[in-house]
Amino acid sequence: MVKQEPEAYSFAQFIRDKTTAWTGVRNFRARNFLKAMQKGDEVLYYHSVSEKAVVGIAAVVKTAYPDPTAKPDEKGDWVCVNLKAVRAFPRAVSLDEIKARPGLKNIPLLRQSRLSVMPLTATEAKIIKGLGES
DNA sequence: GCCAACGTTGGC
DNA sequence: GCCAACGTTGGC
């Protein structure tokens with residue numbers, strides 16, 4: 001799952017762009033999760049702050065490579081991945097709904113709200129997709 | 001290498 | 001707009 005403020009880069013914009021480079025991640029843990037992404041992996045797209053809901057699905061089209069927006073003197077080897085927008089959910093899955101699901105109690109989104117890139121188990125992803133596409 | 005101070009993020 | 005949580009920075 002990746003997280004983004006809709007004011008900064010909304011899923012609607014992402015759909016229009018079709019693909020995007022997921023750059024600008026400057027957190028070590030988030031970076032490690034970026035590096036772990038495999039081509040074809042599904043990515044849930046969460047709108048933070050003003051909307052607080054999972055709004056759609058994307059997919060990894062290119063695995064981690066050096067982030068072109070990172071300055072050479074910035075410490076850490078920052079990476080980005082390329083994502084493609086797959087589809088918007090017919091119905092956004094709100095943070096409240098996620099909190100209400102016992103099966104989603106342990107997702108990093110709830111446990112560590114500031115992490116911008118995080119892994120989900122297959123089961124967790126399935127529950128959220130089930131809600132969003134029902 | 002520890003820890004206080006500060007900045008940022010994100011939920012409320 | 002506030003504040004808690006977290007990460008980062010800098011003094012010691």
*Only counting residues at least two apart or in another chain, list the ones meeting ring-ring contact (aromatic ring centres under 6.0 Å, His included) with Y45(A).*
F11(A), F14(A), W22(A), H47(A)
*Quick one: is dT8(C) close enough that its OP1 or OP2 comes under 4.0 Å of any side-chain N or O from R26(A)?*
no
*Euclidean distance, atom CZ of residue F28(A) to atom P of dT8(B) [Å, nearest integer]*: 18 Å
_If the condition is salt bridge (Lys or Arg N to Asp or Glu O under 4.0 Å), which residues does K129(A) pass it with, not counting sequence neighbours?_
E42(A)
Do any N or O atoms of the protein come closer than 3.5 Å to N or O atoms of nucleotides 9-12 of chain B, and which pairs are they?
from: dT9(B); atom 1: O4'; to: R114(A); atom 2: NH2; distance (Å): 3.4
from: dG10(B); atom 1: OP1; to: K3(A); atom 2: NZ; distance (Å): 3.0
from: dG11(B); atom 1: OP1; to: Y46(A); atom 2: OH; distance (Å): 3.2
from: dG11(B); atom 1: OP2; to: V49(A); atom 2: N; distance (Å): 3.0
from: dC12(B); atom 1: OP1; to: K99(A); atom 2: NZ; distance (Å): 2.3
from: dC12(B); atom 1: OP2; to: K99(A); atom 2: NZ; distance (Å): 3.3

When the side chains of residues 82-90 of chain A are checked against the rest of the protein, which donor-acceptor pairs come out under 3.5 Å, sequence neighbours left out?
from: N82(A); atom 1: OD1; to: Y65(A); atom 2: OH; distance (Å): 2.5
from: R87(A); atom 1: NE; to: E133(A); atom 2: OE2; distance (Å): 2.6
from: R87(A); atom 1: NH2; to: E133(A); atom 2: OE2; distance (Å): 3.1

*Looking at residues at least two apart in the chain, or sitting in another chain, which of them share a side chain to side chain contact (heavy atoms under 4.5 Å, CB included) with E7(A)?*
E5(A), S50(A)
Would you give me the side-chain donor-acceptor pairs under 3.5 Å for residues 100-120 of chain A, sequence neighbours excluded?
from: N106(A); atom 1: OD1; to: R111(A); atom 2: NH2; distance (Å): 3.4
from: Q112(A); atom 1: OE1; to: R29(A); atom 2: NH1; distance (Å): 2.9

*To the nearest Å, how far apart are W78(A) CH2 and dG7(C) P?*
12 Å
